[in-house]
Amino acid sequence: MTLHQPIGGDRVDGVAVGAAPECLHAIESADCAAAIWQRTPLPVFQEWVDALTPDTLPRARLILRPSDAGDAMTDLFDSYALPHCDKRSTLVDDVAALAQLFGNVMQTPFIRLRLDVINTNACRKFHTDVITARLLCTYRGTGTQYGVSLRGKDPDRVFTAATGSPIILRGKLWPAPAAPDLVHRSPPIQGTGETRLVLVLDPVKDLAQAEGEELLH
């Protein structure tokens with residue numbers, strides 16, 4: 001596992017990057033503010049998901065056990081009449097694997113799973129989420145952007161997680177804040193015609209947090 005080396009060779013302190021899923025466990029380290037599993041989607045999968053019309057992209061907000069994510073995605077994709085194919089199965093399997101991995105990292109019995117379809121400047125301001133930690137994986141479009149905030153200002157340099165690369169970011173409720181002050185945002189895409197498909201996973205320790213949301217048993 002290495003620290004992120006952006007163009008120019010500068011190191012992003014507090015951001016751990018690795019080529020294996022186990023690298024996401026680096027978020028548990030005292031000096032780690034974010035962990036990225038660096039990977040490249042198969043071209044055939046990326047071409048498929050990029051070619052889907054925006055109205056067929058699945059949207060969801062569910063509370064479930066990590067082990068139930070695969071079945072939940074299968075049901076969701078059926079409800080959107082997403083045709084059965086190897087690429088669809090790849091997406092189902094990947095969401096299921098990330099849910100299990102995140103559940104293990106966070107040691108949480110339940111997760112909040114969202115699939116967001118974004119074509120506006122949603123969450124365009126740099127921020128830190130009021131949560132212990134969050135996993136983001138952009139399957140289509142520009143990935144999550146992040147950088148180091150100095151004295152509450154926006155980052156001087158902005159970096160972008162690669163499409164298909166999951167990133168776990170610490171939130172304000174993590175027991176001990178990491179240095180540096182890492183902030184993130186959704187990339188500003190309004191007016192570009194871009195539509196993003198983003199997986200968001202949050203830990204749910206107490207089902208009372210899920211009041212009013214769809215709960216899958």
Side-chain angles (χ1 to χ4, degrees), residues 1 15-29 32-42 44-46 48-49 57-80 82 84-117 129 131-140 143-144 146 161-171 173-175 184 196-210 213-217:
M1 181 169 54
V15 179
V17 177
E22 292 78 15
C23 72
L24 294 178
H25 282 275
I27 199 67
E28 302 164 357
S29 302
C32 185
I36 301 174
W37 175 12
Q38 192 72 38
R39 57 185 190 168
T40 302
L42 292 172
V44 66
F45 170 79
Q46 199 61 57
W48 171 79
V49 73
L57 292 174
R59 299 162 173 84
R61 184 184 178 95
L62 305 166
I63 303 290
L64 43 68
R65 294 179 179 84
S67 59
D68 292 336
D71 289 342
M73 290 303 97
T74 297
D75 293 342
L76 175 70
F77 294 172
D78 285 344
S79 72
Y80 273 81
L82 207 59
H84 287 266
C85 63
D86 291 343
K87 282 79 71 178
R88 177 184 133 148
S89 296
T90 296
L91 183 54
V92 168
D93 292 345
D94 197 70
V95 171
L98 290 181
Q100 290 269 43
L101 181 57
F102 185 68
N104 290 336
V105 170
M106 298 303 298
Q107 292 295 293
T108 181
F110 290 90
I111 57 172
R112 176 180 291 103
L113 183 155
R114 291 185 359 234
L115 269 180
D116 287 341
V117 178
D129 295 308
I131 196 168
T132 50
R134 170 168 288 169
L135 181 147
L136 297 161
C137 183
T138 303
Y139 287 110
R140 167 174 162 159
T144 297
Y146 60 93
T163 302
S165 293
I167 177 171
I168 297 181
L169 295 137
R170 282 191 186 183
L173 301 184
W174 190 273
H184 68 281
R196 303 172 66 228
L197 178 64
V198 184
L199 173 69
V200 184
L201 301 178
D202 297 335
V204 175
K205 300 289 188 181
D206 184 355
L207 288 182
Q209 300 176 27
E213 298 184 60
E214 184 174 354
L215 174 64
L216 297 185
H217 295 282

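For this chain, numbers begin at 1 and follow the sequence in order.
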Spatial distance of atom [atom1] ([X]) from atom [atom2] ([Y]) [nearest 0.5 Å]:
X: Thr132; Y: Leu173; atom1: OG1; atom2: CG; value: 6.5 Å
X: Leu169; Y: Ile131; atom1: CG; atom2: CD1; value: 11.0 Å
X: Thr108; Y: Leu201; atom1: OG1; atom2: CG; value: 10.5 Å
X: Leu113; Y: Arg65; atom1: CG; atom2: CZ; value: 15.0 Å
X: Cys137; Y: Ile36; atom1: SG; atom2: CD1; value: 11.0 Å
X: Asp71; Y: Leu64; atom1: CG; atom2: CG; value: 10.0 Å

Does the [X] side chain pair with the main chain of [Y], one donor and one acceptor, at a distance under 3.5 Å?
X: Arg134; Y: Asp129; value: no
X: Lys205; Y: Gln107; value: yes
X: Asp94; Y: Thr90; value: no
X: Gln100; Y: Asp68; value: no
X: Arg39; Y: Gly164; value: yes
X: Thr138; Y: Arg140; value: no

What closest approach, in Å, do [X] and [Y] show between heavy atoms, and which atom pair accounts for it?
X: Pro58; Y: Phe77; answer: CG-CE2, 3.3 Å
X: Pro203; Y: Ala133; answer: CD-O, 3.1 Å
X: Leu24; Y: Trp37; answer: CD2-N, 3.7 Å
X: Arg88; Y: Trp48; answer: CA-CH2, 3.7 Å
X: Tyr80; Y: Leu57; answer: CE2-O, 3.5 Å
X: Val44; Y: Lys87; answer: O-CG, 3.8 Å

*So, Glu22 and His25: side-chain donor and acceptor under 3.5 Å apart, yes or no?*
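No donor-acceptor contact under 3.5 Å links the two side chains.
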TODO: Kindly indicate whether the side chain of Ile167, heavy atoms from C-beta on, has any atom under 4.5 Å from the side chain of His184.
DONE: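 Heavy-atom side-chain distance check fails, nothing below 4.5 Å.
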### Query
With the threshold set at 4.0 Å, does a side-chain nitrogen-carboxylate oxygen contact exist between Arg61 and Asp202?
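Answer for the salt bridge query: no.
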Item to complete: Applying side chain to side chain contact (heavy atoms under 4.5 Å, CB included), run through Arg59 and Leu115 and close with a yes or a no.
Response: CA-CA 5 Å; Arg59 299 162 173 84; Leu115 269 180; 5.6 Å; no
Would you check, one step at a time, whether the test side chain to side chain contact (heavy atoms under 4.5 Å, CB included) holds for Leu91 with Phe45?
CA-CA 8 Å; Leu91 183 54; Phe45 170 79; 3.9 Å; yes
